[in-house]
Every structure is written in structure tokens, then in C-alpha cells.
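Data first, discussion second: the structure below is written as C-alpha cells.
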Protein chains: 2
Amino acid sequence: MPHEVEQRSLARYLEEHNLKHTRQREAILEVFLSARGHITSEDLYQQVRARHPHIGYTTVYRTMKLLCEAGLAHESNFDGTTRYEIAHEHHDHLVCVRCGKIVEFECDLIEDAQERIAKQYGFRILRHRHELYGHCPECQKRVRTRG
Amino acid sequence: MPHEVEQRSLARYLEEHNLKHTRQREAILEVFLSARGHITSEDLYQQVRARHPHIGYTTVYRTMKLLCEAGLAHESNFDGTTRYEIAHEHHDHLVCVRCGKIVEFECDLIEDAQERIAKQYGFRILRHRHELYGHCPECQKRVRTRG
DNA sequence: GGGCAAAATGAATCTGATTTTCAGTTTCAA
DNA sequence: TTGAAACTGAAAATCAGATTCATTTTGCCC
């Protein structure tokens, strides 16, 4: 089984919450983990369908919610449609508005500054989103040569 | 005319782009500028309708897009529905996930850090979004006393 | 190795925000 | 004044996301 650790992690979550372990959930997790980058539930559905034609969109959709709750996936939303990425260390995103490329970054300095700001306003922060939109190096070149 | 500067700014934008100056656009800008905070196009439509029953939702919707292009309004999206705010100095947002309160903040330190990160990855930044989600002071109290 | 309740599935439907269509109206430059 | 271009607004289309519900599976009991 290619992603044993995650499969076990899902199994534990299901057990702890009296949810059922189904072929569909296992299959969807498997395909999700094999997919690269920030994927929409629609795209993921297409990939799942290629290997498991019997699995419906609704199940993919609901399973991704489940994987988020289980801490195996993260939801993000750049352009109005929800995307999922494999959960790992916290990070933020650089998004190229021309080609759609998404690069992850981390910055402790910013994290600290956020804490200070939250304290200043008396907020208790649960999560945040921080996205920088612009042109990636390749697209800058392309823009220049084209005009 | 209550918001002469903005009305003139809109007029200039329309002229420069060969667009037409209509009562509707003037009226919508006026109501928008008088409204407080981060308003949805639906809310704005309700307010516009109170004073100008003949103006339709579509026109409000389209005019807000226009005002954004003209630099008089800014679009933001916290909870899946688009909100508009009056354009002014750049700032980011603290959002209370319980009561929906939105507080604006600015932080030069973070702006600088963003620049550094962009340079590191070769990106040219056009805009960004930075939102901190959590509980405002009032809601923290309420949560504590209730359980 | 049934029997069964709870949970899951998936096709279809609903929702709610946004966007487009299109016929009729208004603006504005000549 | 006139006509082309732009605008308006009711209605319809779109689109992602969420829900419904009849049917099937799973996990657990005996």
C-alpha cells in the first residue's frame, strides 16, 4: 500500500469518530496523495474516476471535507474555487496571476508580526491566510518579450 | 453633492474610457460611499433600492465592478460572498469568525517581509491578501462565560 | 454466518451568488 | 437632431457547492 502512514491515520480518525472505513474513502485518499499540488475537487474527481469509475462526485467532495477534518488535507481558495493540498507544515502562497503557478513560502517574521497585531486588537487567532499575487519569473520574461 | 471628489473621479474615469455618465451610476456611488464598512452587493442593492426603486440588481452589481476598476472601491471575500469597501490606504483584515466583525490593520514590517519573499522567488507582486481569523475580545468573553 | 442499525453512497436536485442575454432606453458627439 | 455606442434591468443561464433520499455497505451483535 503506497501511503500506509496516511491510510492508517485515516483509519484511526474513522474509528475514533464512529465512521466507517470504506473502499471509496481509501481509494480517494490514495488518489489524492498521488496527485500533485493544489487540486480542485472536480479535478480530483476526474482522476478518481479514471481508476474507479463507480465512485461519484458527491463522495469525492464529501471525502475531501472528511480528510480536512482528519487533518490529512488542507483547503485553500485562490480564485473562487476550493482547492485541496496535502497537509504538511504551515505555509503561505505566492500565486502567479498569469500562469496560475502556486509557490509555497514560510516566514517566521510575519508569523510573529501577526501575533503582535492580534494581541494589539485583543483577537485570539485561529488561522490565517496570506497570499501574494503577481507574476512569476517565467511570465515576467514572456510579458517583456511580447510587449 | 455630498461626495464631490469621488463623483468627479468617477466622471473622469468614465470619460477616459468612453463610458457613459448615468444617473444610476451616480446614485449607486453615492449610496455606496454613505454606507459603512464591508458591504455585499446584495446589501448595497437593498440600500440603493430604498432610495431609487427603479434601479435593478444587475446595475448595482455591474456598477460595483466598475467602481473597482475605477479605483474607488475594493473587493474582498472573507466568507464566500464578495464584499466592497471604500478604497483608501492599503490595509489587511482581522475577521472574527463568531460575530463577523472586521477590523483593519496595517503593518509595514509585514509589507517589507513580503517584498523580500517576492524577490527571493523572483516574483513581481501586484497585490496581496492577508487575513487573520479568530475571536474578537467580546466573543472571547462570551465563549468563556457560556462554557 | 445471518441480522440489523448506523453510516455511506451517488444520482438527482437544490441553493445562492454571480454572470450573461437581450430587447428596449439613454447618453453624447457630430 | 440624430444615430451609434453604451447602458439598463428583468429574466434566464451558469457554476461551485451543498443537500436529499432511496439504496447499499459496514461493523457489530448474537
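All chains are named by letter (A, B, ...) in the order of the sequence lines, taking the proteins before the strands, and each is independently numbered beginning at 1. Basis for what follows: all heavy atoms, side chains included, without hydrogens, waters or symmetry-related copies. A quick note: this is a predicted structure, and the numbers were derived from the prediction, not measured.
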What is the distance from CG of B/Leu66 to C1' of D/dG9, rounded to the nearest Å? 16 Å
For atom CG of B/Asn18 and atom C1' of D/dC7, their distance in whole Å: 14 Å
Hey, which sits more toward the 5' end of DNA chain D by its nearest nucleotide, B/Ile55 or B/His17? B/His17
Can you list the residues that meet the side-chain contact (heavy atoms from CB on, under 4.5 Å) rule with B/Arg8, with sequence neighbours excluded? B/Glu4
Sequence-distant partners of A/Thr40, side chain to side chain donor-acceptor pair (under 3.5 Å), two or more places apart: A/Asp43
When you measure from every atom of DNA chain C, which of residues 69-77 of chain A have a heavy atom less than 4.0 Å away? none
Tell me the salt bridge (charged side-chain N to carboxylate O under 4.0 Å, His left out) pairs involving residues 99-116 of chain A, sequence neighbours left out? A/Lys101-A/Glu138
So does B/Arg25 get a side-chain nitrogen or oxygen closer than 4.0 Å to the phosphate oxygens (OP1/OP2) of D/dA6? no
Rounding to an integer number of Å, can you tell me how far B/Leu44 CG sits from C/dT18 C1'? 15 Å
Which of parallel (below 30°), tilted (30 to 60°) and perpendicular (above 60°) describes B/Phe105 and A/Tyr121? tilted
Could you check how far CE of A/Met64 sits from P of C/dG10, rounded to whole Å? 16 Å
Both A/Thr63 and B/Arg83 contact DNA chain C. Taking the nearest nucleotide for each, which residue is further toward the 5' end? A/Thr63
Could I get the full list of side-chain contact (heavy atoms from CB on, under 4.5 Å) partners for B/Ile55, not counting sequence neighbours? B/Gln24, B/Ala27, B/Ile28, B/Val48, B/His52, B/Thr59, B/Val60
I'd like to check the side chain to side chain donor-acceptor pair (under 3.5 Å) partners of B/Tyr133; sequence neighbours left out, ordered by chain and number. B/Glu131
Side-chain N or O of A/Thr81 closer than 4.0 Å to phosphate OP1/OP2 of D/dA16: no
Measure from CD on B/Glu16 to P on C/dC28 and round the result to the nearest Å. 15 Å
With under 30° as parallel and over 60° as perpendicular, where do the rings of B/His93 and B/His91 fit, or are they tilted in between? perpendicular
B/Lys65 has an atom NZ; how far is it from atom P of C/dT18, in whole Å? 8 Å
How long is the line joining NE2 of A/His54 and C1' of C/dG10, in whole Å? 12 Å
Can you name the residues that form a ring pair (Phe, Tyr, Trp, His ring centres under 6.0 Å) with A/His17, not counting sequence neighbours? A/Tyr13
Would you mind writing out the side-chain donor-acceptor pairs for residues 68-78 of chain A within the sub-3.5 Å range, not counting sequence neighbours?
unit_1	atom_1	unit_2	atom_2	d
A/Asn77	OD1	A/Gly80	N	3.1

Starting at atom CD of A/Glu42, determine the distance to atom C1' of D/dA16, rounded to an integer number of angstrom. 10 Å
Protein within reach of the bases, or only the backbone? For nucleotides 20-30 of chain D, mark each nucleotide 5' to 3' as B, S or -, using heavy atoms under 4.0 Å. B-----BS---
Looking across every strand, which nucleic acid part, if any, lies under 4.0 Å from A/Thr40 by heavy atom: base, sugar-phosphate, or nothing? nothing
